[in-house]
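Presented below is the structure to which this report refers.
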Amino acid sequence: HMGRGGRTWRHLVFVYYSNSNVRQTGELKCRFVHSVNDSLSAAAWCADSHRFIAAGLRGQFYQCNIDGTMLKSWEGVRVHCLAVQPATHAHELVLAADTHMRVKAYNFEGTTSSGTIVQESHPVMSFSVSSDGRQALLNVASRGLHLWDLKDETLVKRYRGISQRFYTIHSCFGGVNEDFIASGSEDHKVY
């Protein structure tokens with residue numbers, strides 16, 4: 001499991017053992033910090049479970065190994081949230097929602113960007129990607145929940161009713177074939 005630091009340790013990413021026969025559950029594996037000015041607020045595991053991506057709103061965007069060593073970095077990308085897209089291409093893509101109200105795809109293998117996949121009119125506060133990597137569910141500030149087709153780069157549907165003004169709301173795909181979506185809301189309901 002991966003945890004992010006709070007106010008005191010805001011510049012750290014903590015990696016813990018969660019379920020292991022060798023180590024006690026909850027034991028700290030490593031702490032990652034590149035700079036004391038880092039403010040890492042988003043993290044996601046790569047498919048191989050030996051690397052993770054960490055990012056933040058101050059322009060940090062790192063790929064690290066399981067021991068906390070930075071392998072690659074991307075400068076100046078201010079990230080709200082991120083996800084590692086299932087490997088459907090030759091390389092694994094990292095999707096990142098940034099402060100420019102968009103979701104872009106990044107390839108850390110070649111340190112290249114494949115451009116903007118999604119452009120919104122308001123900030124993307126959080127998102128989740130379907131298990132096949134085809135769709136993304138975006139929580140857009142003051143606009144509700146938007147379903148995007150990532151391959152065709154088109155907005156499929158807007159869901160209304162979800163209240164999101166002050167807090168970051170998270171949504172997810174669910175069900176056997178991911179036929180359902182669920183979302184929290186500031187009105188104390190789950191949609």
Side-chain angles (χ1 to χ4, degrees), residues 2-7 10-11 13 37-45 52-63 73-86 88 92-108 112-175 178-191:
M2 191 166 15
R4 295 172 291 186
R7 278 179 117 356
R10 73 172 184 251
H11 56 278
V13 172
N37 295 322
D38 282 354
S39 180
L40 302 173
S41 56
W45 285 106
F52 63 90
I53 308 296
L57 288 172
R58 292 187 183 165
Q60 313 85 10
F61 199 14
Y62 308 127
Q63 181 188 66
S73 68
W74 203 291
E75 295 298 323
V77 181
R78 300 182 190 299
V79 175
H80 280 285
C81 57
L82 57 86
V84 177
Q85 191 175 29
T88 55
E92 194 169 58
L93 293 177
V94 177
L95 303 179
D98 62 26
T99 56
H100 297 285
M101 300 178 281
R102 64 187 177 195
V103 176
K104 286 183 75 170
Y106 296 88
N107 175 357
F108 272 91
T112 59
S113 167
S114 53
T116 300
I117 296 175
V118 171
Q119 182 69 56
E120 287 283 357
S121 60
H122 288 74
V124 177
M125 303 309 293
S126 69
F127 71 93
S128 61
V129 178
S130 61
S131 61
D132 64 1
R134 175 76 192 223
Q135 296 181 314
L137 203 50
L138 282 65
N139 287 82
V140 183
S142 302
R143 294 292 181 233
L145 191 59
H146 294 181
L147 179 65
W148 281 82
D149 184 306
L150 297 176
K151 184 177 178 187
D152 294 337
E153 299 179 11
T154 57
L155 179 62
V156 175
K157 189 167 189 163
R158 289 185 175 105
Y159 297 91
R160 301 288 183 207
I162 297 160
S163 175
Q164 179 173 332
R165 295 192 189 274
F166 303 107
Y167 301 102
T168 300
I169 303 298
H170 296 273
S171 302
C172 62
F173 294 93
E178 294 186 329
D179 293 329
F180 300 100
I181 58 171
S183 181
S185 180
E186 286 186 22
D187 62 4
H188 310 288
K189 297 178 182 175
V190 174
Y191 288 88

| message | Suppose we screen for side-chain hydrogen bond (donor to acceptor under 3.5 Å, both in side chains). Which residues come up paired with Ser126, at least two apart in sequence or across chains? | response | Asn139
| query | Going by the angle between their ring planes, with limits at 30° and 60°, are Phe108 and Trp74 parallel, tilted or perpendicular? | reply | perpendicular
| query | For the residue pair Ser41 and Gly56, what are the closest heavy atoms and their distance? | reply | OG-CA, 3.8 Å
| With a 4.5 Å heavy-atom cut-off, do Glu120 and His146 have their side chains touching? | yes
| query | For the side chain of Arg78 and the backbone of Gln60, is there at least one donor-acceptor N/O pair under 3.5 Å apart? | reply | no
| With sequence neighbours excluded, what pairs up with His100 under the side-chain hydrogen bond (donor to acceptor under 3.5 Å, both in side chains) test? | none
| How far apart are the closest heavy atoms of Asp187 and Gly161, and which atoms are they? | OD2-O, 4.1 Å
| message | For Arg134, give me all partners under side-chain contact (heavy atoms from CB on, under 4.5 Å), at least two apart in sequence or on another chain. | response | Ser130, Asp132, Asp149, Lys151, Asp152
| request: Ignoring hydrogens and angles, tell me if any N or O in the side chain of Glu75 forms a donor-acceptor pair with the backbone of Gly59 under 3.5 Å. | output: no
| query | Which pair of heavy atoms, one from Leu93 and one from Ala105, lies closest together, and at what distance? | reply | CD1-CB, 4.3 Å
| request: Could you list the residues that satisfy side-chain contact (heavy atoms from CB on, under 4.5 Å) with Met125, not counting sequence neighbours? | output: His80, Pro123, Ala141, Gln164, Thr168
| Knowing that exactly one of Ile117, Leu82, Ile53 qualifies, which makes a side chain to side chain contact (heavy atoms under 4.5 Å, CB included) with Leu95? | Ile117
| query | With sequence neighbours left out, what residues match Tyr159 under side-chain contact (heavy atoms from CB on, under 4.5 Å)? | reply | Leu145, Leu147, Lys157, Ile181
| message | Strictly distance-based, threshold 3.5 Å: is any side-chain N or O of Glu178 a donor or acceptor partner for the main-chain N or O of Ser131? | response | yes
| query | Quick one: does Val77's side chain get under 4.5 Å of Lys104's, heavy atoms only? | reply | no
| Which residues satisfy the side-chain contact (heavy atoms from CB on, under 4.5 Å) test with Ala97, sequence neighbours excluded? | Cys81, Val103, Val124, Phe127
| said: For Gln85 versus Leu150, what's the shortest heavy-atom pair and its separation? | reply: NE2-CD1, 3.8 Å
| request: Could you pull out the closest heavy-atom pair between Phe173 and Ser128, with the gap in Å? | output: CE1-O, 3.7 Å
| task | Heavy atoms only: give me the nearest Trp148-Glu153 pair and the separation to one decimal. | result | CZ3-O, 3.7 Å
| task | For the residue pair Leu155 and Val118, establish whether any side-chain heavy-atom pair is separated by less than 4.5 Å. | result | no
